[in-house]
Amino acid sequence: MKLCSLQVCTTFVLLILVPAIFFAQEKDNKETIKLYTDCNCEKSYIRQEINFVNHVRDQAQANVQLFIYDIANGSGGRTYKLEFNGYEDYEGIITKTSFDSNANMTADEVRKGLVKKVKFGLLKFVLESDMGEHINYSINNKGLGTIQDIDFKDPWNNWIFEIFGRARLNKESSRESFSYAIGFESDHVTENWRIRTDLQLNQANSEYTQDDVLYTSERFRYSGDGSIVRSLSDHWSAGIFGGARHDTFTNLDFRYYFSPAIEFNIFPYNEVLRREIVFAYKIGFFHSDYIEPTIYDKLQEGIFNHSLDVQVRYRQPWGNIYARLIGSTFLNDFTKNRIQLSGSTSLRIIKGLAVSFSGNLQIIRDQINLPAGDASLEDVLLQQKQIATDYQLGASIGLSYTFGSAYNNIINTRL
C-alpha cells in the first residue's frame with residue numbers, strides 16, 4: 001500500500017520540522033541584557049566603559065539588576081559590595097563580588113577598579129546570552145602564575161594616619177569672616193579591634209558693620225577624642241571613650257570626659273551593608289571648667305551621665321531607610337536631658353517615580369554650660385556664643401519623576 005509520494009512526504013516532514021527547529025532556536029535565544037544600576041558612584045562612567053549591555057534607568061525594565069552598597073573600611077577608603085540579580089531570561093542567576101578602595105587611591109583608580117568588578121559580575125549573564133559565543137578572553141601573567149604563600153608584613157600594622165588643614169575667607173561690603181582648621185586623625189582596624197584618635201584646632205574670626213558700628217567675634221576651639229572598641233561576638237562589642245575640649249562658643253574653658261560603652265547589633269555585623277539595628281549604651285563622667293559663670297552660677301562641676309543610642313538602617317532594592325534615636329540624661333538630675341531623633345528615607349514608588357524624606361528633631365534640656373546674663377546683639381549677629389533653646393527642628397521632602405528614553409547609552413559631555 002503506497003502511503004504518499006516522495007514529494008508529498010518530504011513536504012509534510014518539512015512542514016513539521018522547520019517550525020519546530022525555528023521555535024527551538026527562538027526559545028534558545030536570550031534577550032539582550034538590560035542592566036539597572038543603583039549605587040553611590042559615577043553611573044555615567046559605568047555606562048561609558050560597559051557598552052555591551054543596555055543600561056536602563058528604571059528598575060522594572062531591567063532583566064539584570066545591580067545594587068552596590070558601600071561603607072568605610074579600615075584602609076581609609078570604602079568597601080563596595082556588588083550584588084547582581086537576574087530576571088526573565090536570566091532568572092535564578094545571582095552574582096556577588098566586592099571591591100576595596102584605600103586612602104591612597106585617586107578617584108579615577110577607584111572608578112576603574114569598580115568597573116572591572118562590574119564586568120566580572122556580568123560574566124555569568126553574558127555567557128548565558130547570545131553574546132556568549134562571541135567572547136574572546138585572555139589571562140594575564142598574574143593569572144597564569146600559581147598563588148604563592150607569601151608572608152606579607154604590613155609595616156604600618158593596620159594603622160591609617162591623616163593630617164589635614166584648611167582655611168576659608170569670605171568678604172562682602174558689611175561682613176568679613178576668616179576661619180581655619182588643622183587636625184590629626186588615626187585609625188587602627190582589625191577583625192577584633194578598632195582604635196581611633198581625633199585631634200583638632202579650629203578658629204573663626206568675624207566682623208560685621210551696621211550703622212558705622214563694628215562688631216567683632218572670635219571663636220576658638222581645640223579638642224582631642226579617642227576610643228578603643230573590642231568585638232566580643234557577631235552581635236556584641238564593648239569600648240571605652242575619652243577626650244578633652246576647649247570651646248569659647250560653648251563657654252568651656254576645659255572639659256574632659258570618660259565613658260565605657262557596650263553595643264548590641266540584632267543582625268550579625270557582616271550584614272551591616274544591607275541592614276542593621278544597633279543599641280549602644282554609654283555611662284560615664286565629665287568635668288567642666290567654664291570661662292564665665294553659668295546660669296546656675298557654676299565655674300566648674302563634675303557630672304555623671306548616661307545615654308542610649310539606637311540606629312536602624314536598611315539598604316534594599318526598593319530604597320533606603322535610616323533612623324537614629326539618642327536619649328541622654330544626667331544621673332544626678334533626670335530633668336537635665338536631651339532627646340535627638342533623625343532619619344531619612346528614599347523609596348521607589350512606581351516606574352520613574354521616587355520620593356525622599358529627611359528630618360531631625362532635638363529636645364534640649366541640658367544646657368548647663370550657658371553663661372549667665374542676656375545675650376548681646378553682638379553675640380546674636382555673629383553667633384559668638386551659644387544661645388539658649390528648647391529645641392531644634394529641620395525637615396525636607398523631595399519628589400522626582402523621570403521619563404523618556406530608557407535605552408540611551410550615549411555619553412556626550414560637550415558644551
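Throughout, residue positions are numbered sequentially from 1 according to the sequence presented. As a basis for the values below, the full set of heavy atoms in this structure was taken, side chains included, without hydrogen atoms, waters or symmetry mates.
The main-chain N or O of Arg78 is found under 3.5 Å from a side-chain atom of Ser101 such that the two form a donor-acceptor pair. Using a distance-only test at 3.5 Å, with no hydrogens or angles considered, no donor-acceptor pair links the side chain of Gln340 to the main chain of Ile363. At distances below 3.5 Å, not a single donor-acceptor pair connects side-chain atoms of Asn265 with backbone N or O atoms of Tyr269. With Asn369 contributing its side chain and Asn251 its backbone, the two residues share no donor-acceptor pair below 3.5 Å.
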TODO: Go through Ser396 and Phe357 one step at a time and tell me if the side chain to side chain contact (heavy atoms under 4.5 Å, CB included) criterion holds.
DONE: CA-CA 6 Å; Ser396 67; Phe357 305 91; over 6 Å; no
TODO: Give the intermediate values and the outcome of side chain to side chain contact (heavy atoms under 4.5 Å, CB included) for residues Asp333 and Lys336.
DONE: CA-CA 6 Å; Asp333 185 357; Lys336 302 295 189 297; 3.0 Å; yes
- [ ] Go through Gln65 and Tyr36 one step at a time and tell me if the side-chain hydrogen bond (donor to acceptor under 3.5 Å, both in side chains) criterion holds.
- [x] CA-CA 5 Å; Gln65 297 179 6; Tyr36 171 81; over 6 Å; no
Open item on the list: Applying salt bridge (charged side-chain N to carboxylate O under 4.0 Å, His left out) to Arg196 and Glu185, what does each step give before you reach the verdict?
Closed with: CA-CA 8 Å; Arg196 286 173 285 188; Glu185 295 179 358; over 6 Å; no
TODO: Evaluate the salt bridge (charged side-chain N to carboxylate O under 4.0 Å, His left out) criterion for residues Arg194 and Asp187: first the C-alpha distance (whole Å), next the side-chain angles of each, then the deciding distance (0.1 Å), finally the verdict.
DONE: CA-CA 7 Å; Arg194 180 159 192 178; Asp187 205 350; 2.6 Å; yes
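Applying the ring pair (Phe, Tyr, Trp, His ring centres under 6.0 Å) rule to Phe254 yields no partners; only residues at least two apart in sequence or on another chain are considered.
Side-chain polar atoms of Tyr87 and Gln59 form no donor-acceptor pair below 3.5 angstrom. A donor-acceptor contact closer than 3.5 angstrom is absent between the side chains of Tyr90 and Asn85. Side-chain contact check for Arg219 and Gln203: no donor-acceptor pair (N or O, by modelled atom type) lies under 3.5 Å. Residues Glu276 and Gln311 have side chains that never bring a donor and an acceptor to within less than 3.5 angstrom of each other.
A heavy-atom distance below 4.5 Å is found between the side chains of Ile364 and Asp366. For the pair Thr32 and Asn54, the minimum side-chain heavy-atom distance is below 4.5 Å. Taking the side chain as every heavy atom from C-beta outward, Val229 and Phe241 approach each other to under 4.5 Å. Side-chain atoms of Asp390 and Arg365, non-hydrogen and from C-beta on, do get closer than 4.5 Å to each other. For the pair Ile46 and Arg111, the minimum side-chain heavy-atom distance is 4.5 Å or more.
Between Tyr281 and His306, the ring planes are perpendicular. Angles over 60° get that label, and only those under 30° would be called parallel.
Judged by a 6.0 Å distance limit and a 45° cone about the ring axis, Lys298 is not positioned over the six-membered ring of Tyr296.
For the side chain to side chain contact (heavy atoms under 4.5 Å, CB included) with Tyr314, the qualifying choice from Thr345, Asn320, Ile277 is Ile277, the only one to do so. For the pairing with Phe99, the side chain to side chain contact (heavy atoms under 4.5 Å, CB included) check across Ile68, Val110, Thr79 returns one residue only, Val110.
Salt-bridge formation is not detected for the pair Asp309/Lys282: no Lys NZ or Arg NE/NH1/NH2 atom is positioned less than 4.0 Å from an Asp or Glu carboxylate oxygen. Remark: Arg255 does not engage Asp289 in a salt bridge, criterion side-chain N to carboxylate O under 4.0 Å.
Taking all atoms of both residues into account, the shortest heavy-atom contact from Tyr290 to Gln300 is CD1-N, 4.0 Å. Closest heavy-atom contact between Asp253 and Ile291: N-CG1, 3.6 Å. Across Ser231 and Ser237, no two heavy atoms sit closer than the pair CA-CB, 4.1 Å. Nearest heavy atoms, Ala167 versus Phe178: CB-CE1, 4.3 Å. Of all the heavy atoms in Arg221 and Asp247, the pair that sits closest is CD-OD2, 3.5 Å. Here the closest non-hydrogen pair linking Val272 and Arg315 is O-NH1, 3.0 Å.
Two rings, from Phe304 and Phe285, have their centers less than 6.0 Å apart.
Atom CD of Glu191 has 12 or fewer heavy atoms from other residues, nucleotides or ligands within 6.0 Å. Applying the 6.0 Å contact sphere to CD1 of Ile163 captures no more than 12 heavy atoms from other residues, nucleotides or ligands.
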